[in-house]
2 protein chains.
Amino acid sequence: MNKPSRIQRENRAAIASAAVREFSARGYHGATIDAIADKAGMSKPNLLYYFPSKEAIYRTVLEQIVEEWLSPLLSLDPDGDPVEELRRYISLKMKMSADRPEASRLFASEILAGAPILRDFLETRLKTLVDDKSAILRSWIADEKLAPIDPVHLIFMIWATTQHYADFEAQIDAVTGGASQQQGFQDQAAQAVLSILLNGIKPRPNA
Amino acid sequence: MNKPSRIQRENRAAIASAAVREFSARGYHGATIDAIADKAGMSKPNLLYYFPSKEAIYRTVLEQIVEEWLSPLLSLDPDGDPVEELRRYISLKMKMSADRPEASRLFASEILAGAPILRDFLETRLKTLVDDKSAILRSWIADEKLAPIDPVHLIFMIWATTQHYADFEAQIDAVTGGASQQQGFQDQAAQAVLSILLNGIKPRPNA
DNA sequence: CAAGATTTTGACCAAATGGTCGAATGTTGG
DNA sequence: CCAACATTCGACCATTTGGTCAAAATCTTG
(Lines give C-alpha, C1' and ligand atoms only; values in the text may rest on other atoms or scores of the structure.)
Protein backbone atom coordinates (compact mmCIF):
# COMPACT_ATOMS: atom_id res chain seq x y z
CA MET A 1 0.00 0.00 0.00
CA ASN A 2 2.33 2.70 -1.29
CA LYS A 3 1.56 6.34 -1.83
CA PRO A 4 -1.55 6.70 -4.02
CA SER A 5 -1.13 7.90 -7.58
CA ARG A 6 -2.66 11.09 -8.86
CA ILE A 7 -5.42 9.08 -10.50
CA GLN A 8 -6.17 7.33 -7.23
CA ARG A 9 -6.33 10.56 -5.30
CA GLU A 10 -8.60 12.19 -7.85
CA ASN A 11 -10.91 9.25 -8.21
CA ARG A 12 -11.22 8.59 -4.51
CA ALA A 13 -12.04 12.24 -3.96
CA ALA A 14 -14.60 12.24 -6.76
CA ILE A 15 -16.23 9.14 -5.31
CA ALA A 16 -16.33 10.57 -1.80
CA SER A 17 -17.90 13.78 -3.03
CA ALA A 18 -20.47 11.93 -5.10
CA ALA A 19 -21.20 9.57 -2.23
CA VAL A 20 -21.91 12.37 0.22
CA ARG A 21 -24.40 13.88 -2.19
CA GLU A 22 -26.04 10.59 -3.02
CA PHE A 23 -26.19 9.16 0.52
CA SER A 24 -27.48 12.43 1.96
CA ALA A 25 -30.17 12.77 -0.67
CA ARG A 26 -31.44 9.18 -0.64
CA GLY A 27 -30.22 7.62 2.59
CA TYR A 28 -27.98 4.60 2.85
CA HIS A 29 -30.42 2.12 1.37
CA GLY A 30 -31.80 4.50 -1.25
CA ALA A 31 -28.38 5.30 -2.65
CA THR A 32 -27.02 2.96 -5.29
CA ILE A 33 -23.47 2.26 -6.30
CA ASP A 34 -24.49 2.92 -9.89
CA ALA A 35 -25.72 6.40 -9.07
CA ILE A 36 -22.61 7.24 -7.08
CA ALA A 37 -20.41 5.98 -9.91
CA ASP A 38 -22.40 8.06 -12.40
CA LYS A 39 -22.01 11.20 -10.31
CA ALA A 40 -18.31 10.48 -9.93
CA GLY A 41 -18.01 10.04 -13.69
CA MET A 42 -17.04 6.38 -13.82
CA SER A 43 -18.50 2.92 -14.20
CA LYS A 44 -19.67 0.81 -11.29
CA PRO A 45 -16.91 -1.82 -11.53
CA ASN A 46 -14.44 1.03 -11.74
CA LEU A 47 -15.76 2.51 -8.54
CA LEU A 48 -15.53 -0.90 -6.89
CA TYR A 49 -11.89 -0.96 -7.86
CA TYR A 50 -11.37 1.90 -5.39
CA PHE A 51 -13.72 0.83 -2.61
CA PRO A 52 -14.47 -2.79 -1.76
CA SER A 53 -18.18 -2.27 -1.03
CA LYS A 54 -21.00 0.19 -0.62
CA GLU A 55 -20.64 0.08 3.13
CA ALA A 56 -16.94 0.89 2.84
CA ILE A 57 -17.76 4.05 0.89
CA TYR A 58 -20.34 4.99 3.49
CA ARG A 59 -17.94 4.43 6.38
CA THR A 60 -15.23 6.46 4.68
CA VAL A 61 -17.34 9.53 4.03
CA LEU A 62 -18.94 9.35 7.47
CA GLU A 63 -15.52 9.31 9.09
CA GLN A 64 -14.40 12.34 7.14
CA ILE A 65 -17.53 14.24 8.13
CA VAL A 66 -17.23 13.32 11.76
CA GLU A 67 -13.71 14.70 11.95
CA GLU A 68 -14.88 18.03 10.58
CA TRP A 69 -17.78 18.01 12.98
CA LEU A 70 -15.58 17.65 16.00
CA SER A 71 -13.18 20.48 15.36
CA PRO A 72 -15.29 23.50 16.32
CA LEU A 73 -16.15 22.07 19.72
CA LEU A 74 -12.54 21.10 20.30
CA SER A 75 -11.53 24.72 20.12
CA LEU A 76 -13.76 25.92 22.97
CA ASP A 77 -11.26 27.73 25.16
CA PRO A 78 -11.66 27.52 28.95
CA ASP A 79 -9.70 30.75 29.38
CA GLY A 80 -11.75 32.80 26.94
CA ASP A 81 -14.79 34.89 27.75
CA PRO A 82 -17.70 32.42 28.13
CA VAL A 83 -20.25 34.31 26.10
CA GLU A 84 -17.72 35.17 23.41
CA GLU A 85 -16.49 31.59 23.22
CA LEU A 86 -20.03 30.32 22.80
CA ARG A 87 -20.82 33.01 20.26
CA ARG A 88 -17.83 31.89 18.23
CA TYR A 89 -18.77 28.22 18.54
CA ILE A 90 -22.38 28.78 17.54
CA SER A 91 -21.34 30.97 14.62
CA LEU A 92 -18.94 28.30 13.42
CA LYS A 93 -21.62 25.64 13.56
CA MET A 94 -24.08 27.87 11.70
CA LYS A 95 -21.49 28.38 9.01
CA MET A 96 -20.88 24.68 8.69
CA SER A 97 -24.59 24.08 8.30
CA ALA A 98 -24.74 26.66 5.55
CA ASP A 99 -21.59 25.52 3.77
CA ARG A 100 -21.96 21.75 3.92
CA PRO A 101 -25.65 20.92 4.27
CA GLU A 102 -25.30 17.53 2.59
CA ALA A 103 -22.64 16.49 5.07
CA SER A 104 -24.90 17.55 7.90
CA ARG A 105 -27.80 15.60 6.47
CA LEU A 106 -25.72 12.49 5.98
CA PHE A 107 -24.62 12.62 9.59
CA ALA A 108 -28.21 13.21 10.69
CA SER A 109 -29.42 10.31 8.63
CA GLU A 110 -26.94 7.98 10.30
CA ILE A 111 -28.02 9.10 13.76
CA LEU A 112 -31.71 8.89 12.87
CA ALA A 113 -31.20 5.29 11.89
CA GLY A 114 -29.77 4.57 15.33
CA ALA A 115 -26.10 5.23 14.53
CA PRO A 116 -25.30 1.64 13.49
CA ILE A 117 -21.90 2.67 12.16
CA LEU A 118 -21.07 5.63 14.38
CA ARG A 119 -22.23 4.23 17.71
CA ASP A 120 -18.76 3.37 18.83
CA PHE A 121 -17.39 6.78 17.87
CA LEU A 122 -20.23 8.51 19.71
CA GLU A 123 -19.74 6.46 22.87
CA THR A 124 -16.02 7.03 23.02
CA ARG A 125 -14.51 10.08 21.37
CA LEU A 126 -17.63 12.22 21.28
CA LYS A 127 -18.64 11.33 24.83
CA THR A 128 -15.18 12.19 26.11
CA LEU A 129 -15.21 15.48 24.27
CA VAL A 130 -18.64 16.40 25.60
CA ASP A 131 -17.61 15.44 29.11
CA ASP A 132 -14.56 17.67 28.82
CA LYS A 133 -16.40 20.65 27.46
CA SER A 134 -19.20 20.20 29.96
CA ALA A 135 -16.65 20.61 32.70
CA ILE A 136 -15.60 23.93 31.19
CA LEU A 137 -19.20 25.08 31.02
CA ARG A 138 -19.75 23.99 34.61
CA SER A 139 -16.79 26.03 35.76
CA TRP A 140 -18.15 29.07 33.94
CA ILE A 141 -21.46 28.57 35.68
CA ALA A 142 -19.72 28.23 39.05
CA ASP A 143 -18.05 31.58 38.36
CA GLU A 144 -21.51 32.99 37.61
CA LYS A 145 -20.50 33.87 34.10
CA LEU A 146 -23.32 31.73 32.74
CA ALA A 147 -26.82 31.00 33.99
CA PRO A 148 -27.08 27.66 35.79
CA ILE A 149 -28.03 25.34 32.97
CA ASP A 150 -27.13 21.70 32.51
CA PRO A 151 -24.11 21.90 30.17
CA VAL A 152 -24.99 18.76 28.28
CA HIS A 153 -28.40 20.10 27.37
CA LEU A 154 -26.89 23.40 26.34
CA ILE A 155 -24.59 21.54 23.96
CA PHE A 156 -27.52 19.54 22.61
CA MET A 157 -29.48 22.72 22.02
CA ILE A 158 -26.63 24.29 20.11
CA TRP A 159 -26.32 21.22 17.93
CA ALA A 160 -30.07 21.04 17.43
CA THR A 161 -30.57 24.65 16.43
CA THR A 162 -27.54 24.99 14.20
CA GLN A 163 -27.92 21.72 12.35
CA HIS A 164 -31.62 22.27 11.90
CA TYR A 165 -30.93 24.78 9.17
CA ALA A 166 -29.17 22.13 7.10
CA ASP A 167 -31.14 19.05 8.07
CA PHE A 168 -34.61 20.55 7.71
CA GLU A 169 -33.78 22.78 4.77
CA ALA A 170 -36.67 21.35 2.76
CA GLN A 171 -39.13 22.36 5.46
CA ILE A 172 -37.55 25.77 5.93
CA ASP A 173 -37.62 26.39 2.20
CA ALA A 174 -41.26 25.41 1.99
CA VAL A 175 -42.33 27.55 4.92
CA THR A 176 -40.34 30.61 3.93
CA GLY A 177 -41.03 30.32 0.24
CA GLY A 178 -37.49 29.31 -0.64
CA ALA A 179 -35.69 32.11 1.13
CA SER A 180 -33.11 29.91 2.75
CA GLN A 181 -30.71 29.97 -0.17
CA GLN A 182 -30.11 33.70 0.06
CA GLN A 183 -27.23 35.15 2.01
CA GLY A 184 -29.51 37.52 3.89
CA PHE A 185 -31.48 34.63 5.26
CA GLN A 186 -28.41 32.93 6.65
CA ASP A 187 -27.34 36.07 8.48
CA GLN A 188 -30.85 36.53 9.85
CA ALA A 189 -30.90 32.95 11.05
CA ALA A 190 -27.52 33.26 12.71
CA GLN A 191 -28.58 36.45 14.40
CA ALA A 192 -31.81 34.95 15.76
CA VAL A 193 -30.09 31.81 17.01
CA LEU A 194 -27.29 33.77 18.65
CA SER A 195 -29.70 36.22 20.20
CA ILE A 196 -31.94 33.61 21.78
CA LEU A 197 -29.23 31.23 22.89
CA LEU A 198 -26.86 33.86 24.26
CA ASN A 199 -29.60 35.77 26.05
CA GLY A 200 -30.90 32.44 27.28
CA ILE A 201 -27.64 31.59 29.01
CA LYS A 202 -26.43 34.94 30.24
CA PRO A 203 -26.42 35.04 34.01
CA ARG A 204 -29.57 36.65 35.37
CA PRO A 205 -29.08 38.87 38.40
CA ASN A 206 -32.26 38.01 40.27
CA ALA A 207 -32.63 34.27 40.03
CA MET B 1 -66.46 1.78 0.11
CA ASN B 2 -68.70 1.03 3.11
CA LYS B 3 -67.78 1.19 6.76
CA PRO B 4 -64.75 -0.97 7.46
CA SER B 5 -65.21 -4.20 9.38
CA ARG B 6 -63.61 -4.85 12.74
CA ILE B 7 -60.96 -6.95 11.03
CA GLN B 8 -60.19 -4.14 8.63
CA ARG B 9 -59.87 -1.59 11.37
CA GLU B 10 -57.61 -3.82 13.43
CA ASN B 11 -55.40 -4.83 10.54
CA ARG B 12 -55.03 -1.36 9.15
CA ALA B 13 -54.07 -0.11 12.59
CA ALA B 14 -51.58 -2.93 13.08
CA ILE B 15 -50.02 -2.20 9.70
CA ALA B 16 -49.80 1.51 10.38
CA SER B 17 -48.15 0.93 13.73
CA ALA B 18 -45.70 -1.56 12.29
CA ALA B 19 -44.97 0.74 9.37
CA VAL B 20 -44.10 3.69 11.58
CA ARG B 21 -41.62 1.57 13.50
CA GLU B 22 -40.12 0.03 10.40
CA PHE B 23 -39.91 3.20 8.28
CA SER B 24 -38.50 5.24 11.15
CA ALA B 25 -35.85 2.65 11.94
CA ARG B 26 -34.70 1.91 8.40
CA GLY B 27 -35.89 4.78 6.23
CA TYR B 28 -38.22 4.48 3.28
CA HIS B 29 -35.89 2.46 1.10
CA GLY B 30 -34.51 0.35 3.92
CA ALA B 31 -37.94 -0.75 5.09
CA THR B 32 -39.41 -3.79 3.38
CA ILE B 33 -43.02 -4.83 2.99
CA ASP B 34 -42.08 -8.23 4.34
CA ALA B 35 -40.71 -6.75 7.55
CA ILE B 36 -43.75 -4.53 8.03
CA ALA B 37 -46.05 -7.49 7.43
CA ASP B 38 -44.09 -9.55 9.94
CA LYS B 39 -44.31 -6.86 12.60
CA ALA B 40 -48.02 -6.52 11.90
CA GLY B 41 -48.44 -10.29 12.24
CA MET B 42 -49.52 -11.13 8.71
CA SER B 43 -48.18 -12.27 5.35
CA LYS B 44 -47.00 -9.89 2.66
CA PRO B 45 -49.86 -10.58 0.25
CA ASN B 46 -52.24 -10.11 3.13
CA LEU B 47 -50.78 -6.71 3.88
CA LEU B 48 -51.07 -5.78 0.22
CA TYR B 49 -54.75 -6.62 0.46
CA TYR B 50 -55.11 -3.60 2.75
CA PHE B 51 -52.72 -1.18 1.07
CA PRO B 52 -52.05 -1.13 -2.66
CA SER B 53 -48.32 -0.43 -2.40
CA LYS B 54 -45.41 0.39 -0.14
CA GLU B 55 -45.71 4.04 -1.02
CA ALA B 56 -49.37 4.05 -0.07
CA ILE B 57 -48.50 2.76 3.41
CA TYR B 58 -45.83 5.41 3.73
CA ARG B 59 -48.17 8.21 2.65
CA THR B 60 -50.85 7.06 5.05
CA VAL B 61 -48.67 6.98 8.14
CA LEU B 62 -47.00 10.27 7.23
CA GLU B 63 -50.37 11.96 6.94
CA GLN B 64 -51.43 10.70 10.34
CA ILE B 65 -48.22 11.95 11.91
CA VAL B 66 -48.46 15.33 10.26
CA GLU B 67 -51.94 15.91 11.66
CA GLU B 68 -50.69 15.21 15.17
CA TRP B 69 -47.72 17.45 14.59
CA LEU B 70 -49.88 20.41 13.66
CA SER B 71 -52.19 20.45 16.65
CA PRO B 72 -49.95 21.93 19.35
CA LEU B 73 -49.06 24.95 17.24
CA LEU B 74 -52.69 25.42 16.26
CA SER B 75 -53.59 26.03 19.86
CA LEU B 76 -51.25 28.99 20.39
CA ASP B 77 -53.63 31.58 21.78
CA PRO B 78 -53.13 35.24 20.79
CA ASP B 79 -54.99 36.37 23.91
CA GLY B 80 -52.94 34.34 26.36
CA ASP B 81 -49.82 35.47 28.16
CA PRO B 82 -46.97 35.24 25.61
CA VAL B 83 -44.41 33.55 27.80
CA GLU B 84 -47.00 31.19 29.27
CA GLU B 85 -48.33 30.31 25.83
CA LEU B 86 -44.84 29.52 24.59
CA ARG B 87 -44.04 27.58 27.72
CA ARG B 88 -47.10 25.45 27.10
CA TYR B 89 -46.29 24.96 23.43
CA ILE B 90 -42.68 23.98 24.09
CA SER B 91 -43.74 21.60 26.85
CA LEU B 92 -46.25 19.96 24.55
CA LYS B 93 -43.65 19.47 21.86
CA MET B 94 -41.16 18.04 24.35
CA LYS B 95 -43.80 15.57 25.48
CA MET B 96 -44.55 14.53 21.91
CA SER B 97 -40.87 13.91 21.32
CA ALA B 98 -40.69 11.74 24.41
CA ASP B 99 -43.93 9.87 23.73
CA ARG B 100 -43.66 9.23 20.01
CA PRO B 101 -40.01 9.28 19.03
CA GLU B 102 -40.50 6.96 16.06
CA ALA B 103 -43.12 9.25 14.61
CA SER B 104 -40.76 12.18 15.01
CA ARG B 105 -37.95 10.29 13.32
CA LEU B 106 -40.16 9.23 10.44
CA PHE B 107 -41.14 12.83 9.84
CA ALA B 108 -37.52 13.92 10.10
CA SER B 109 -36.46 11.27 7.65
CA GLU B 110 -38.97 12.51 5.10
CA ILE B 111 -37.76 16.09 5.46
CA LEU B 112 -34.11 15.06 5.34
CA ALA B 113 -34.77 13.38 2.02
CA GLY B 114 -36.14 16.65 0.66
CA ALA B 115 -39.79 16.10 1.56
CA PRO B 116 -40.74 14.39 -1.72
CA ILE B 117 -44.13 13.40 -0.35
CA LEU B 118 -44.81 16.21 2.10
CA ARG B 119 -43.60 19.14 0.04
CA ASP B 120 -47.08 20.18 -0.94
CA PHE B 121 -48.35 19.96 2.61
CA LEU B 122 -45.41 22.04 3.87
CA GLU B 123 -45.88 24.72 1.24
CA THR B 124 -49.60 25.12 1.85
CA ARG B 125 -51.03 24.15 5.21
CA LEU B 126 -47.85 24.41 7.25
CA LYS B 127 -46.76 27.67 5.63
CA THR B 128 -50.18 29.20 6.29
CA LEU B 129 -50.09 28.07 9.88
CA VAL B 130 -46.60 29.45 10.42
CA ASP B 131 -47.57 32.73 8.80
CA ASP B 132 -50.57 32.99 11.13
CA LYS B 133 -48.66 32.21 14.26
CA SER B 134 -45.80 34.48 13.23
CA ALA B 135 -48.28 37.33 13.14
CA ILE B 136 -49.26 36.57 16.71
CA LEU B 137 -45.63 36.52 17.79
CA ARG B 138 -45.03 39.79 15.99
CA SER B 139 -47.90 41.44 17.81
CA TRP B 140 -46.49 40.23 21.11
CA ILE B 141 -43.14 41.73 20.18
CA ALA B 142 -44.81 44.99 19.20
CA ASP B 143 -46.39 45.07 22.66
CA GLU B 144 -42.92 44.52 24.12
CA LYS B 145 -43.98 41.29 25.72
CA LEU B 146 -41.25 39.43 23.83
CA ALA B 147 -37.77 40.38 22.77
CA PRO B 148 -37.55 41.47 19.11
CA ILE B 149 -36.74 38.20 17.40
CA ASP B 150 -37.76 37.04 13.97
CA PRO B 151 -40.83 34.90 14.73
CA VAL B 152 -40.12 32.37 12.02
CA HIS B 153 -36.69 31.65 13.43
CA LEU B 154 -38.12 31.35 16.90
CA ILE B 155 -40.54 28.72 15.64
CA PHE B 156 -37.71 26.90 13.88
CA MET B 157 -35.66 26.93 17.06
CA ILE B 158 -38.50 25.46 19.06
CA TRP B 159 -38.96 22.72 16.51
CA ALA B 160 -35.25 22.06 16.35
CA THR B 161 -34.66 21.80 20.07
CA THR B 162 -37.73 19.78 20.95
CA GLN B 163 -37.51 17.30 18.10
CA HIS B 164 -33.80 16.85 18.64
CA TYR B 165 -34.47 14.70 21.68
CA ALA B 166 -36.37 12.20 19.56
CA ASP B 167 -34.48 12.45 16.29
CA PHE B 168 -30.97 12.30 17.75
CA GLU B 169 -31.81 9.90 20.54
CA ALA B 170 -29.02 7.56 19.48
CA GLN B 171 -26.45 10.32 19.86
CA ILE B 172 -27.91 11.54 23.14
CA ASP B 173 -27.92 8.02 24.51
CA ALA B 174 -24.32 7.48 23.50
CA VAL B 175 -23.10 10.75 24.97
CA THR B 176 -25.04 10.48 28.23
CA GLY B 177 -24.45 6.77 28.67
CA GLY B 178 -28.05 5.82 27.94
CA ALA B 179 -29.71 8.17 30.37
CA SER B 180 -32.32 9.40 27.93
CA GLN B 181 -34.77 6.62 28.67
CA GLN B 182 -35.25 7.66 32.27
CA GLN B 183 -38.02 9.93 33.37
CA GLY B 184 -35.65 12.20 35.26
CA PHE B 185 -33.71 12.88 32.11
CA GLN B 186 -36.80 13.99 30.23
CA ASP B 187 -37.72 16.45 32.97
CA GLN B 188 -34.18 17.77 33.03
CA ALA B 189 -34.21 18.22 29.27
CA ALA B 190 -37.54 20.02 29.33
CA GLN B 191 -36.32 22.30 32.08
CA ALA B 192 -33.13 23.20 30.26
CA VAL B 193 -34.91 23.84 26.97
CA LEU B 194 -37.61 25.93 28.62
CA SER B 195 -35.08 27.88 30.62
CA ILE B 196 -32.88 28.82 27.70
CA LEU B 197 -35.64 29.51 25.21
CA LEU B 198 -37.88 31.45 27.57
CA ASN B 199 -35.03 33.51 28.98
CA GLY B 200 -33.82 34.00 25.45
CA ILE B 201 -37.06 35.62 24.34
CA LYS B 202 -38.12 37.57 27.40
CA PRO B 203 -38.02 41.28 26.70
CA ARG B 204 -34.77 42.83 27.91
CA PRO B 205 -35.13 46.23 29.44
CA ASN B 206 -31.91 47.80 28.19
CA ALA B 207 -31.65 46.80 24.53
C1' DC C 1 9.44 1.50 -27.41
C1' DA C 2 8.33 -2.67 -24.94
C1' DA C 3 7.02 -4.92 -20.75
C1' DG C 4 4.86 -4.71 -16.68
C1' DA C 5 1.63 -2.46 -13.72
C1' DT C 6 -2.51 0.13 -13.26
C1' DT C 7 -7.00 1.40 -14.54
C1' DT C 8 -11.38 0.65 -16.93
C1' DT C 9 -15.39 -1.83 -18.42
C1' DG C 10 -18.93 -5.07 -20.64
C1' DA C 11 -21.07 -9.13 -19.40
C1' DC C 12 -22.68 -11.63 -15.91
C1' DC C 13 -24.50 -13.66 -11.32
C1' DA C 14 -27.15 -14.27 -7.04
C1' DA C 15 -29.97 -12.29 -3.66
C1' DA C 16 -33.45 -9.17 -2.27
C1' DT C 17 -37.70 -7.14 -3.00
C1' DG C 18 -42.16 -4.97 -4.71
C1' DG C 19 -46.00 -6.80 -6.38
C1' DT C 20 -49.55 -10.50 -8.65
C1' DC C 21 -52.72 -14.44 -8.78
C1' DG C 22 -55.54 -18.13 -7.92
C1' DA C 23 -56.88 -21.16 -4.69
C1' DA C 24 -58.04 -21.98 0.12
C1' DT C 25 -60.01 -20.58 4.36
C1' DG C 26 -62.92 -17.86 7.38
C1' DT C 27 -67.02 -14.86 8.30
C1' DT C 28 -71.67 -13.36 8.09
C1' DG C 29 -76.43 -12.36 6.95
C1' DG C 30 -80.66 -14.50 5.32
C1' DC D 1 -76.96 -24.18 7.14
C1' DC D 2 -75.52 -22.20 3.06
C1' DA D 3 -74.39 -18.85 -0.35
C1' DA D 4 -72.03 -14.77 -0.99
C1' DC D 5 -68.45 -12.15 0.49
C1' DA D 6 -64.16 -11.04 2.92
C1' DT D 7 -59.71 -12.49 4.25
C1' DT D 8 -55.38 -15.11 3.98
C1' DC D 9 -51.45 -17.07 1.80
C1' DG D 10 -48.11 -20.21 -1.01
C1' DA D 11 -46.05 -19.90 -5.25
C1' DC D 12 -44.48 -17.13 -8.57
C1' DC D 13 -42.62 -13.15 -11.55
C1' DA D 14 -39.89 -9.09 -13.00
C1' DT D 15 -36.84 -5.69 -11.62
C1' DT D 16 -33.26 -3.77 -9.04
C1' DT D 17 -28.94 -3.97 -7.19
C1' DG D 18 -24.51 -5.24 -4.78
C1' DG D 19 -20.77 -7.43 -6.32
C1' DT D 20 -17.43 -10.54 -9.57
C1' DC D 21 -14.38 -11.50 -13.39
C1' DA D 22 -11.65 -11.68 -17.28
C1' DA D 23 -10.32 -9.13 -20.90
C1' DA D 24 -9.27 -4.66 -22.86
C1' DA D 25 -7.34 -0.12 -22.60
C1' DT D 26 -4.16 2.99 -20.65
C1' DC D 27 -0.29 4.53 -18.17
C1' DT D 28 4.48 4.29 -16.41
C1' DT D 29 9.14 3.47 -16.65
C1' DG D 30 13.58 1.29 -17.66
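Sequence lines set the chain letters: A, B, ... in the order given, protein chains first and strands last, and positions in each chain run from 1. Owing to the predicted nature of the structure, the values given are computational and were not obtained by experimental measurement.
Defined by atom type and a distance below 3.5 Å, a donor-acceptor pair is present between the side-chain atoms of B:Gln183 and B:Asp187.
Per the geometry, CD belonging to B:Glu10 stands 14 Å off C1' belonging to C:dT27, to the nearest Å. Rounded to whole angstrom, the span from the CD1 atom of B:Ile15 across to the P atom of C:dG18 amounts to 14 Å. The CZ atom of A:Arg9 sits 16 Å away from the C1' atom of C:dT7 (whole-angstrom rounding).
Contact between A:Asp99 and A:Lys95 at its shortest, heavy atoms only, is OD2-NZ, 2.6 Å. Between B:Ala179 and B:Asp173 the shortest heavy-atom distance is N-OD1, 4.5 Å. Minimum interatomic distance between A:Ser75 and A:Arg88 (heavy atoms only, all atoms of both residues): O-NH2, 3.0 Å.
Looking at B:Glu22, its side chain never comes within 3.5 Å of a backbone N or O of B:Ile36 through a donor-acceptor pair. One N or O on the side chain of A:Lys54 and one on the backbone of A:Ala31 form a donor-acceptor pair closer than 3.5 Å.
For DNA chain C, the neighbouring residues in residues 24-58 of chain B, judged by any heavy atom under 4.0 Å, are B:Ala31, B:Thr32, B:Ile33, B:Lys44, B:Pro45, B:Leu48, B:Ser53, B:Lys54.
The shortest distance between the side-chain N/O atoms of B:Asn11 and the OP1/OP2 oxygens of D:dA6 is not below 4.0 Å. Phosphate contact (OP1/OP2 of C:dT7, side-chain N/O of A:Gln8, threshold under 4.0 Å): present.
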